[in-house]
Amino acid sequence: MLRRKIRLTKEYLYRKSLEGKQRLLYEKKRKIKEALEEGKPIPTELRNEEAALRQEIDLEDENTAVPRSHIDDEYANATQRDPKILLTTSRDPSAPLIQFAKELKLVFPNAQQMNRGGQVISEIIETCRSHEFTDVVLVHEHRGVPDGLIISHLPFGPTAYFQLLNVVTRHDIKDKKAMGTMPQVYPHVILDNFTTKLGERAANILKHLFPVPKPDTKRIITFANRSDYISFRHHTYEKPGGPKSIELKEIGPRFELRLFKIRLGTMDQDEAQNEWVIRPYMNTAKKQKYMGD
């Protein structure tokens with residue numbers, strides 16, 4: 001298992017090191033394509049390589065024309081199998097955090113909850129890798145109030161760090177009959193207003209926590225971005241009066257997320273590079289929105 005991990009890590013780092021070369025080659029081919037389409041002469045610096053590059057251009061299709069990045073590779077195989085998630089908490093969790101973790105386990109299909117105990121993060125990540133988990137979700141708290149959510153994609157990352165706000169669990173709602181039971185079918189996922197590159201990145205991390213649902217599923221999970229605060233809502237719907245009549249029922253839990261860091265490695269890799277981090281001055285720039293309109 002250790003040899004396999006070392007081999008896969010080396011392969012990943014090698015692919016990452018090739019990105020600069022592939023991008024340079026892509027730019028050369030793009031310049032030749034533009035010159036041919038517009039009837040202009042081939043740029044002087046590319047004339048010696050023109051024949052070889054034109055041959056490569058002729059052999060390309062829409063999948064190979066644009067170079068892939070390590071960001072693409074992280075989720076390249078995500079659609080081939082359903083996600084398998086391990087859900088755990090910070091050490092010595094309070095009763096509200098345990099309750100919230102139980103409800104999150106029902107939100108994410110194929111999730112398994114683990115009592116943290118005395119295990120360190122590196123042990124948890126290594127165990128999940130060996131058992132082919134796709135993601136680890138860790139929930140934090142402050143004085144009994146859930147305040148942090150970490151999503152780490154396996155085997156190589158990325159890891160997204162979110163602040164948790166305004167958490168309302170199903171347990172907090174007194175009218176249990178009106179709320180109904182939590183369905184276990186795979187949900188449809190709605191991602192609203194993730195329009196920037198950072199927004200697309202965050203949406204990609206969130207959507208790959210859920211498997212592909214059946215078309216007639218009546219369970220809906222929504223991540224709606226408003227001013228860089230992501231509202232999570234969980235509904236079921238019915239059509240009591242026919243196809244044009246839709247009745248929504250919120251079944252909880254509900255909370256807000258605020259992204260504050262994306263790291264390129266897994267949760268246990270302190271040396272991993274930060275892809276994006278929120279800075280103190282970003283809080284004062286009220287007109288600037290980083291994930292959507």
Side-chain angles (χ1 to χ4, degrees), residues 83 85-109 111-116 121 124-125 128 134-153 157-173 179 182 187 189-194 198-199 201-210 220-235 250-263 266-268 274-280 282-283 289-292:
I85 300 167
L86 182 80
L87 182 66
T88 189
T89 63
S90 52
R91 287 203 180 118
D92 299 321
S94 63
L97 186 67
I98 292 171
Q99 184 62 41
F100 180 59
K102 283 181 182 177
E103 295 188 13
L104 277 186
K105 177 183 175 291
L106 298 175
V107 166
F108 300 121
Q112 297 179 28
Q113 188 181 356
M114 184 190 78
N115 294 328
R116 175 75 180 272
I121 292 295
I124 294 170
I125 296 292
C128 289
T134 60
D135 296 271
V136 176
V137 177
L138 180 68
V139 191
H140 282 275
E141 68 178 340
H142 179 68
R143 295 184 178 179
V145 179
D147 72 336
L149 185 77
I150 304 173
I151 301 169
S152 188
H153 184 65
T159 301
Y161 296 77
F162 294 93
Q163 180 186 5
L164 260 178
L165 304 154
N166 306 326
V167 176
V168 180
T169 63
R170 286 166 55 86
H171 185 71
D172 296 332
I173 299 168
M179 187 172 51
M182 178 87 81
V189 179
I190 298 173
L191 298 159
D192 181 43
N193 196 27
F194 293 87
L198 178 64
R201 180 68 158 146
N204 208 34
I205 292 168
L206 293 169
K207 78 178 181 183
H208 282 109
L209 295 173
F210 300 90
I220 302 169
I221 281 176
T222 306
F223 293 96
N225 174 42
R226 296 292 180 273
S227 301
D228 293 340
Y229 287 87
I230 303 167
S231 297
F232 172 89
R233 297 294 183 269
H234 188 190
H235 295 88
E250 187 174 356
I251 55 175
R254 64 156 64 180
F255 50 86
E256 267 70 53
L257 295 168
R258 192 185 187 200
L259 179 69
F260 66 86
K261 182 165 67 174
I262 297 178
R263 186 181 282 175
T266 51
M267 207 187 306
D268 60 327
N274 288 332
E275 182 181 335
W276 182 84
V277 183
I278 194 167
R279 301 294 182 188
M282 292 179 178
N283 291 324
K289 294 174 183 175
Y290 297 97
M291 289 200 295

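The shown structure was predicted, so the numbers you read here are calculated from the model rather than taken from an experiment. Computation of the quantities below employed the complete heavy-atom set of this structure, encompassing side-chain atoms and omitting hydrogens, waters and symmetry-equivalent molecules.
Annotation: side chain of Q163 is not in contact with side chain of D147 (no heavy-atom distance under 4.5 Å). Side chains of I85 and K105 form no contact here, defined as non-hydrogen atoms less than 4.5 Å apart. The side-chain heavy atoms of R116 and I124, taken from C-beta on, include a pair separated by under 4.5 Å. You'll find the side chain of P187 reaches within 4.5 Å of the side chain of P109, heavy atoms only. Residues L259 and I278 fail the side-chain proximity criterion, which asks for heavy atoms closer than 4.5 Å. Side-chain contact check for L209 versus V189: every heavy-atom pair is 4.5 Å or farther apart. Here the side chains of K102 and H171 are not in contact, with every heavy-atom distance at 4.5 Å or above. Taking the side chain as every heavy atom from C-beta outward, L87 and V139 approach each other to under 4.5 Å.
More than 12 heavy atoms of other residues, nucleotides or ligands lie within 6.0 Å of CZ in R91, so this atom counts as buried by the packing criterion.
Ring centroids of F100 and F255 are separated by less than 6.0 Å, placing the two rings close together.
At distances below 3.5 Å, not a single donor-acceptor pair connects side-chain atoms of S152 with backbone N or O atoms of T159. Put simply, the side chain of Q99 never gets that close to the backbone of T169: no donor and acceptor are under 3.5 Å apart.
Annotation for M114 and T88: closest pair O-OG1, 3.0 Å, computed over non-hydrogen atoms. Residues E141 and P93 share a closest heavy-atom pair of OE2-CA, 3.5 Å. In plain terms, the two heavy atoms of V136 and C128 that are nearest each other are CG2-SG, 3.7 Å. Between H140 and S90, the shortest heavy-atom distance links the atoms ND1-CB, 3.7 Å.
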Apply side chain to side chain contact (heavy atoms under 4.5 Å, CB included) to the pair F260 and F162, showing each step before the final yes or no.
-> CA-CA 6 Å; F260 66 86; F162 294 93; 5.7 Å; no
Test side chain to side chain contact (heavy atoms under 4.5 Å, CB included) on V137 and L149 and set out the steps.
-> CA-CA 7 Å; V137 177; L149 185 77; 3.6 Å; yes
Steps toward side chain to side chain contact (heavy atoms under 4.5 Å, CB included) verdict (H208, H153) = CA-CA 9 Å; H208 282 109; H153 184 65; 5.7 Å; no
Side chain to side chain contact (heavy atoms under 4.5 Å, CB included) between D135 and I205, intermediate numbers included = CA-CA 10 Å; D135 296 271; I205 292 168; over 6 Å; no
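One distance of note links CG of D228 with CG of L257; it measures 12.5 Å at 0.5 Å rounding.
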